[in-house]
Amino acid sequence: MLEIINIGGGNMKTDKIRLVLMTVVFVAVIATSALLGITLWKKGQIVDMIVPGVIAVAIVAIFIPFMKGAYGAVKKGIPFEDERLEKIKTHAAAYTYYVSLYVMLGLAWLSDSGRLNWESRHYLEATILISAILFGLFALYFSRKKDF
Amino acid sequence: MKTRIKEKRVKKGLTQEELAQKVGVRRETIVFLEQGRYNPSLRLAHNIAKVFKKKIEDLFIFEE
């Protein structure tokens, strides 16, 4: 039988703690989205529920398979996050930040010029949604990029 | 960048998952490394070289 010696410096205990923390954050985000959805439902703002609804569904769709894979990896003694994933996330987050600044600037201009007349919270929701989509797209791009 | 990781791994009778476990990364990272699609950190390159008892330059071939 092959001797498995982890020389990569991985720490399974830290991985388990990180996984638990990620689950807590995931549950908190879903709970917040649900609370927002219920509040809007009570106010009768059914159309306004679309954005938090899309955010919640997107998070569930992305997070559940990820968490399933992560739990499986930790069980096998393999880290669920490593330097490549960290690099992808860092690049995706940085690019998302830059582009989101332009998006916010664009929304501010559209609002100030009178081309958009949304409520202030709609600008915030749109920015959150666009940022989340951008992060996903950039992460996908960097995960497939050659010689990354 | 080209690598000789797959060749050395197969020769040693290791699966991608076992190599990943040994060097503390995900299996996908090994897949991308073998395809020459990921530039590893110096630490990871060192750890992989250590597994195969080779020098880094024997496993990773950088093209100008």
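Numbers restart at 1 for each chain; the letters A, B, ... are given by sequence-line order, proteins then strands. Computed from a predicted model, the values in this text were never measured in an experiment.
Contact between A:Pro79 and B:Gly24 at its shortest, heavy atoms only, is CG-O, 3.2 Å. Looking at every heavy atom in both residues, A:Phe148 comes nearest to B:Tyr38 through O-CD1, 3.1 Å.
Rounding to the nearest 0.5 angstrom, the gap separating the CD1 atom in A:Ile88 from the OG1 atom in B:Thr29 is 7.5 Å.
The neighbour count for A:Phe66 CZ, taken as heavy atoms of other residues, nucleotides or ligands under 6.0 Å away, is above 12. Atom CG of A:Leu101 has more than 12 heavy atoms from other residues, nucleotides or ligands within 6.0 Å. Counting heavy atoms of neighbouring residues, nucleotides and ligands inside a 6.0 Å radius, atom NZ of B:Lys6 does not exceed 12 of them. Heavy-atom contacts from other residues, nucleotides or ligands closer than 6.0 Å to CZ of A:Phe142 number more than 12. Atom NZ of A:Lys145 is surrounded by more than 12 heavy atoms from other residues, nucleotides or ligands within 6.0 Å.
Side-chain atoms of B:Arg37 come within 3.5 Å of backbone N or O of A:Arg144 as a donor-acceptor pair.
A continuous path of hydrophobic side-chain contacts links A:Tyr71 to A:Val60 [ILVMFWY only; heavy atoms under 4.5 Å].
A:Lys87 touches chain B through its side chain: at least one heavy atom from C-beta onward sits under 4.5 Å away, while N, CA, C and O do not.
At a threshold of 4.5 Å between non-hydrogen side-chain atoms, the residues A:Arg84 and B:Phe32 count as touching. Under the 4.5 Å side-chain criterion, counting only non-hydrogen atoms from C-beta, B:Leu44 is in contact with A:Glu83.
When the candidates B:Arg26, B:Met1, B:Arg27 are compared by the number of heavy-atom contacts under 4.5 Å with chain A, B:Arg26 comes out ahead.
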